[in-house]
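Here's the structure we're looking at; comments come further down.
Being a predicted model, the structure only gives us computed values, none of them experimental. In the text below, chain A, chain B and the rest are named by the order of the sequence lines, each starting its count at 1.
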Protein chains: 2
Amino acid sequence: MTAMTRARPLVIDSHRDANVCLTCGARALSVCHVIDESDLDKLSAASVTVSVLPGHTFIQEGDPAEHFFNVTAGTSKLYKLLPDGRRQVTGFAGVGYFLGLAVSSSYAFSAEALEPVRVCRFSRTKLRGLLDDFPALEKKLLEVASNELVVAQEQMLLLGRKTARERLASFLIARANMIPHCPGRGAANVAERIQLPMTRGDIADYLGLTIETVSRTLSKLRAEKFIEIPNNSEIVLLKHDAVEDIATGMA
Amino acid sequence: MTAMTRARPLVIDSHRDANVCLTCGARALSVCHVIDESDLDKLSAASVTVSVLPGHTFIQEGDPAEHFFNVTAGTSKLYKLLPDGRRQVTGFAGVGYFLGLAVSSSYAFSAEALEPVRVCRFSRTKLRGLLDDFPALEKKLLEVASNELVVAQEQMLLLGRKTARERLASFLIARANMIPHCPGRGAANVAERIQLPMTRGDIADYLGLTIETVSRTLSKLRAEKFIEIPNNSEIVLLKHDAVEDIATGMA
DNA sequence: AGGGCTCATTGACCCAGGTCAAGGTCCGCA
DNA sequence: TGCGGACCTTGACCTGGGTCAATGAGCCCT
């Protein structure tokens, strides 16, 4: 169980330190931070660390929902499919994201790693136990779910009523706002470098557009000097406020 | 404080029985049903009943979120607006619906009564107290929020990837499935009478379409004998399964 | 360093659904 | 019982974004 792990989609790290949670860089960003340091051993005991290679699906829509996940590294795309293959990306799960909130018996979406991803995996019963031991965790999950709901409603507005240009602008602004507090933001026209771990196709499926429209619209925004596109996985936001106005339909 | 209430948008019933919750017909459908009968007096003490006339807005997007609501009668539409007036209806809140899950400081959406509506209104602090007294209520809210999230993701798929025909079919099936267990459903081609308390405009804003497209698409479904339209606020589903196939993109 | 991937861009054309406009239906009220 | 207004339907036309197709740009791998 030591060699031959390279090509496997999911790698479970069973020899892990009891202090993983204590030294976990994602704790500050996760629901876990409501649990006291002294209790972190219980948390680590309840979960295993799983590594997922890019392109691999670790949650499959419709499968029995046996596990919950907390992302500690990398970004994944969450999506739903129609029988004929049409895809809707419902979100991108980065570090700190809690996955599996759907309390139903089967997963409502699939999750695929865009980068090398690490997650803490909890079984349904283990999580139930943690929730009973730490009521604060349950409160935190309710808060997280509520915020997700607000984000989802915002996305419905985007998908139902915004133009392609407004959708791309909204996407860029949302990505820019998730940058972990870079100095000099909010100060009008400071350039921001946005990381895009997903492909144009993923962006299209997230915004309810086609690859071509995403590409064309970004080219247009570049021609208008709102953005720069140094490479396929980065965009520089040259005029945050102007793009924000586009995003909210005010331009 | 007894006369002159007729034309007021919101009417607060302050003289209410301590047993309102005990006799509340909506309890079985609400989060409240997790609270034991013997504790219902605490619940009624924490809330007031508010009546809302059709067409009146009782939650305004952006206003400080001071209250939470539990719907005990009537249907409301929940929506978000763009500055230029484009509207996205994010859902319809019927009896038993818990409103205000967004734990942020201001409401993320507006709510307007479509019919005469009654809600139980809790202040933020009173609800906090109830959650501390009844942990089961917190668990229930997490469950409700999680289910909402699943519904929201389904709606994103609809808005991002479905055709007008598929959207209307999905809407009709969702409405049909919420009928409180009428006998003989699921048995293939049994006609179901769907109530539509909202206008074509509301449906359009919910499905990300225009009034005209909603009207045209329903006319087409009628011409194809999938549905009947006895009047503007009712639709009879003649072929549930066929319409379900349209809804899921399989026809 | 070049062949063969996958991903992105760009152009030409098309069509589902939006827009504009003209009635139709229903209902409450005098 | 007929007037006014809100809502719905239908038709003719238009357009934003989809479709199809060709080309370009990275980037492994050998």
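- Note on A:G208: only backbone sugar-phosphate atoms sit closer than 4.0 angstrom, heavy atoms only; bases stay farther off.
- Taking atom CG of residue A:L209 and atom P of nucleotide C:dT9, one finds them 14 Å apart after rounding to whole Å.
- Protein atom CG of A:L207 is 19 Å distant from nucleotide atom P of D:dG16, rounded to whole Å.
- Counting only heavy atoms from C-beta outward, the side chains of B:F69 and B:V52 never approach each other to under 4.5 Å.
- The side-chain heavy atoms of B:L149 and A:L149, taken from C-beta on, include a pair separated by under 4.5 Å.
- Counting only distance, with no hydrogens or angles, the side chain of B:T217 and the backbone of B:T213 share a donor-acceptor pair below 3.5 Å.
- Atom NZ in A:K162 sits about 19 Å away from atom P in D:dG16, given to the nearest Å.
- Note: CZ (A:R165) to P (D:dT15) measures 18 Å, nearest angstrom.
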Please list, for nucleotides 5-9 of chain D, all pairs of protein and nucleotide N/O atoms separated by less than 3.5 Å.
unit_1 : atom_1 : unit_2 : atom_2 : d
D:dC8  : OP1    : B:R200 : N      : 3.1
D:dC8  : OP2    : B:R200 : N      : 3.0
D:dT9  : OP2    : B:R200 : NE     : 3.1
D:dT9  : OP2    : B:S215 : OG     : 2.7
D:dT9  : O5'    : B:S215 : OG     : 2.9

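- Atom CG in B:L159 sits roughly 15 Å away from atom P in D:dG17 (whole-Å rounding).
- Contact annotation: B:T210 side-chain N/O to C:dG17 OP1/OP2 distance is not under 4.0 Å.
- The cationic group of B:K80 does not satisfy the cation-pi geometry with B:F109, failing either the under 6.0 Å distance to the six-membered ring centre or the 45° limit from the ring axis.
- Side-chain contact between A:L99 and A:H67: absent, with no pair of heavy atoms (C-beta onward) separated by less than 4.5 Å.
- Ring-plane geometry between B:F98 and B:F68 is classed as parallel, the angle between the planes falling under 30 degrees on a 0 to 90 degree scale with a further cut at 60.
- The nearest pair of heavy atoms linking A:N177 to A:H240 is OD1-CE1, 3.6 Å.
- The distance between atom NZ of A:K220 and atom P of C:dT10, rounded to the nearest whole Å, is 13 Å.
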Protein-nucleic acid N or O pairs under 3.5 Å, nucleotides 27-29 of chain C:
none

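- Here the side chains of B:L158 and A:L159 are not in contact, with every heavy-atom distance at 4.5 Å or above.
- Between B:R161 atom CZ and C:dA16 atom P there is a gap of 16 Å when expressed in whole angstrom units.
- Between the CD1 atom of A:I227 and the C1' atom of C:dA8 there is a distance of 14 Å, rounded to whole Å.
- The side-chain contact (heavy atoms from CB on, under 4.5 Å) test applied to A:R222 returns A:S219, A:I227, A:I229, not counting sequence neighbours.
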